[in-house]
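On a predicted model such as this, the values are computed, not experimentally measured, just so you know.
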Amino acid sequence: MKKYLLAIVAFGILVACGGKKAESETPVVEEDDIEVVETPVDVQELLIIVPEKGEVVEEQYSGDIPSEQAMGASYLLTFYYQQGGDGGVYGLTKTYTHVNQKNDKTEFSYGKREVIKGAPFDDNAIVYKLVPATGGSPLYFWANEKGLTKLDDQMKQYDSTLSYTLTPILK
């Protein structure tokens, strides 16, 4: 009987809380300041809206990119930014594929998106620098007619016949 009563009390507490998060748990990304959260977040909520900059734009890209850590990595990359701005935020889900799929690993990161004009291979290239909120190494993607091509940490293209390009799925 005690277990039954305890289950009813626990259910009542769960219903009363309604799964609501405290407002202090909502992370905010300022243009030059990123608060670190260890769990996946609603990246769009991190974008600080400046009314003069226009509407919020969402873009998504996906694809498989070679990886030294596994057979490959499936990327799902989402950008949120305002039409009149060069910055924005990103969310990236990477799933590393291993030979036996039992060891597949998924990672989530988010942070600031910076726009860089020019790269070592093209003075007119548009490159997105993705700066993780966790303080890790930035990632670089070159915006081109095919989609977004991942670059190395020197903003150079990989010397490979393999594809490092993510294709747009929402633009």
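The hydrophobic clustering, which links ILVMFWY residues whose side-chain heavy atoms are closer than 4.5 Å, places L151 and L162 apart. Hydrophobic clustering (ILVMFWY, side-chain heavy atoms < 4.5 Å, transitive): I126 and F79 are in one cluster. Cluster membership check: I116 does not share its hydrophobic cluster with L130, using side-chain heavy-atom separations under 4.5 Å among Ile, Leu, Val, Met, Phe, Trp and Tyr. The cluster map of Ile, Leu, Val, Met, Phe, Trp and Tyr, joined by side-chain heavy atoms under 4.5 Å apart, puts L148 and V115 in the same cluster.
In plain terms, the two heavy atoms of P138 and P132 that are nearest each other are CA-CD, 3.9 Å. Nearest heavy-atom pair, S74 versus D64, reported as atom, atom and distance to 0.1 Å: OG-OD1, 2.6 Å.
Partners of V50 by side-chain contact (heavy atoms from CB on, under 4.5 Å), not counting sequence neighbours, listed by chain and number: E52, K53, Q82. Considering only residues two or more places apart in sequence or on other chains, Y128 meets the side chain to side chain donor-acceptor pair (under 3.5 Å) condition with none of them. In this structure, the side chain to side chain donor-acceptor pair (under 3.5 Å) partners of T149, at least two apart in sequence or on a different chain, are N144, T165. Remark: T167 pairs with no residue by the side chain to side chain donor-acceptor pair (under 3.5 Å) rule, at least two apart or across chains. For Y81, the side chain to side chain donor-acceptor pair (under 3.5 Å) criterion is met by E59, not counting sequence neighbours. When the side-chain contact (heavy atoms from CB on, under 4.5 Å) test is applied to Q83, the partners found at least two apart in sequence or on another chain are E55, V57. Remark: S62 engages L76, I169 in a side-chain contact (heavy atoms from CB on, under 4.5 Å) (not counting sequence neighbours).
Between atom CD1 of residue I65 and atom OH of residue Y96 there is a gap of 10.0 Å, rounded to the nearest 0.5 Å. Rounded to the nearest 0.5 Å, atoms CG (L139) and CG (L92) are 6.5 Å apart. For the atom pair CG (D42) and CG (L47), the distance works out to 11.0 Å, reported to the nearest 0.5 Å. Separating the OH atom in Y80 from the OH atom in Y90 is a distance of 14.5 Å, to the nearest 0.5 Å.
Sorted by first and then second residue, the salt bridge (Lys or Arg N to Asp or Glu O under 4.0 Å) pairs involving residues 115-143 (not counting sequence neighbours) are D86-K117. Residue pairs meeting the side chain to side chain donor-acceptor pair (under 3.5 Å) criterion with at least one member in residues 151-163, sequence neighbours excluded: K150-Y158. For residues 129-153, every residue pair satisfying the ring-ring contact (aromatic ring centres under 6.0 Å, His included) rule, not counting sequence neighbours, is listed here: F121-W142.
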* **From CA spacing to verdict: side chain to side chain contact (heavy atoms under 4.5 Å, CB included), V43, T78** => CA-CA 8 Å; V43 176; T78 305; over 6 Å; no
* Would Y75 and T93 count as a side chain to side chain contact (heavy atoms under 4.5 Å, CB included) if you check the C-alpha gap in whole Å, the side-chain angles of each, and the deciding distance to 0.1 Å? -> CA-CA 6 Å; Y75 281 60; T93 303; over 6 Å; no
* So L77 and Q60, side chain to side chain contact (heavy atoms under 4.5 Å, CB included) or not? Walk me through it. -> CA-CA 6 Å; L77 177 59; Q60 277 192 337; over 6 Å; no
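Side chain of R113 to backbone of V89: no donor-acceptor contact under 3.5 angstrom is found.
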